[in-house]
Amino acid sequence: MTTRDPRAPLLARLAALLADETRAACLLALLDGRAWTAGELARHAGVAASTLSEHLGRLVAGGLLAEERQGRHRYVRLADARVAQLVEDLAAQLAPADAVRPRTLRESGAGSAMARGRTCYDHLAGRLGIAVTDALTARGLLVQDTGFALTEAGLGWFAGVGIALDRAGRRPLARACLDWTERRPHLAGVAGAALCRHALDTGWCERIGSERAVRVTATGERALGELLGIDGAALR
């Protein structure tokens with residue numbers, strides 16, 4: 001007689017949390033790394049505030065979301081980077097044919113912008129993220145042989161650019177994250193988050209619209225060209 005794995009009911013409970021379109025919409029929206037109010041998420045998901053509140057309660061209780069209150073407002077965000085990785089990895093399993101065709105020109109433009117460059121929780125994704133990852137690899141700063149790892153030259157590159165890497169926590173320094181539009185891995189982990197934060201803080205990239213899309217500025221094109229040899233045309 002075999003003993004059932006004690007993790008089975010926990011996995012089933014987690015799967016049940018994700019198996020709802022409204023909750024899935026909330027988790028995908030929160031991949032932008034920011035905190036949203038319940039009202040903002042309700043409008044995004046297209047449901048009543050009362051309905052959304054019940055869903056958020058389940059996600060918080062299940063450990064997928066963290067919440068904080070400021071006055072009358074309730075803010076929620078993804079609990080941590082592991083949750084973001086779970087959501088992004090699941091989204092990456094969707095076949096291209098499963099994607100819903102844009103209904104309007106605006107939706108088409110937003111989708112193109114997201115594919116060109118976006119944030120994936122706290123790191124760069126889309127063609128921008130792939131271009132940066134490929135450039136780091138080509139220059140021997142990142143290896144992808146058995147998972148992602150920064151080389152000694154890579155650590156020196158980050159230090160030389162002025163990008164501090166916090167190596168005190170449990171989060172991996174470099175991690176591969178499967179890009180759901182490019183179907184290839186881009187750089188995540190501590191290094192990916194630090195590079196994204198630096199790109200936004202220095203004005204290499206800027207957010208556009210209300211989604212996760214980002215675009216590379218003229219300053220960013222020059223910097224990425226000088227530091228990584230990336231052709232500016234590949235970033236547009």
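The closest side-chain donor-acceptor pair between Arg127 and Thr181, if any, does not fall under 3.5 angstrom.
Inter-residue side-chain proximity for Thr219 and Trp204 is flagged as met; some heavy-atom pair is nearer than 4.5 Å. Side-chain contact check for Leu90 versus Val87: every heavy-atom pair is 4.5 Å or farther apart. Contact check for Tyr75 versus Gln70: side-chain heavy atoms found under the 4.5 Å cut-off.
Checked against side chain to side chain donor-acceptor pair (under 3.5 Å), Glu88 has the following partners two or more places apart in sequence or in another chain: Trp180.
Judged purely by atom type and a 3.5 angstrom limit, Asp179 uses its side chain to pair as donor or acceptor with the backbone of Gly126. With hydrogens and angles ignored, the 3.5 Å screen pairs a side-chain donor or acceptor of Thr202 with a backbone N or O of His198.
In plain terms, the two heavy atoms of Ile230 and Ala131 that are nearest each other are CD1-O, 3.8 Å.
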*Test side-chain contact (heavy atoms from CB on, under 4.5 Å) on Cys205 and Thr217 and set out the steps.*
CA-CA 6 Å; Cys205 297; Thr217 64; 5.9 Å; no
*Is there a side-chain contact (heavy atoms from CB on, under 4.5 Å) between Cys26 and His44 once you walk through the steps?*
CA-CA 8 Å; Cys26 292; His44 176 81; over 6 Å; no
_Verdict with reasoning, Glu221 to Asp231, per side-chain contact (heavy atoms from CB on, under 4.5 Å)_ = CA-CA 8 Å; Glu221 284 193 16; Asp231 183 0; over 6 Å; no
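The local environment of CD in Glu152 is sparse, with at most 12 non-hydrogen atoms from other residues, nucleotides or ligands closer than 6.0 Å.
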Distance-only donor-acceptor hits, side chain of residues 14-25, under 3.5 Å, sequence neighbours excluded:
residue, atom, partner, partner atom, Å
Asp20, OD1, Thr22, N, 2.9
Asp20, OD1, Arg23, N, 3.0
Arg23, NE, Leu17, O, 2.7
Arg23, NH1, His55, ND1, 2.9
Arg23, NH2, Ala16, O, 3.1

Show me, pair by pair, the donor-acceptor contacts under 3.5 angstrom made by side chains of residues 133-141, not counting sequence neighbours?
residue, atom, partner, partner atom, Å
Thr133, OG1, Gly129, O, 2.8
Thr133, OG1, Leu187, N, 3.0
Asp134, OD1, Arg184, NH2, 2.7
Asp134, OD2, Arg184, NH1, 3.3
Asp134, OD2, Arg184, NH2, 3.1
Thr137, OG1, Thr133, O, 2.9
Thr137, OG1, Gln144, NE2, 2.8
Arg139, NE, Leu228, O, 3.0

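When each of Leu86, Leu30, Leu59, Asp122 is checked for a side-chain contact (heavy atoms from CB on, under 4.5 Å) with Leu78, only Leu30 meets the rule.
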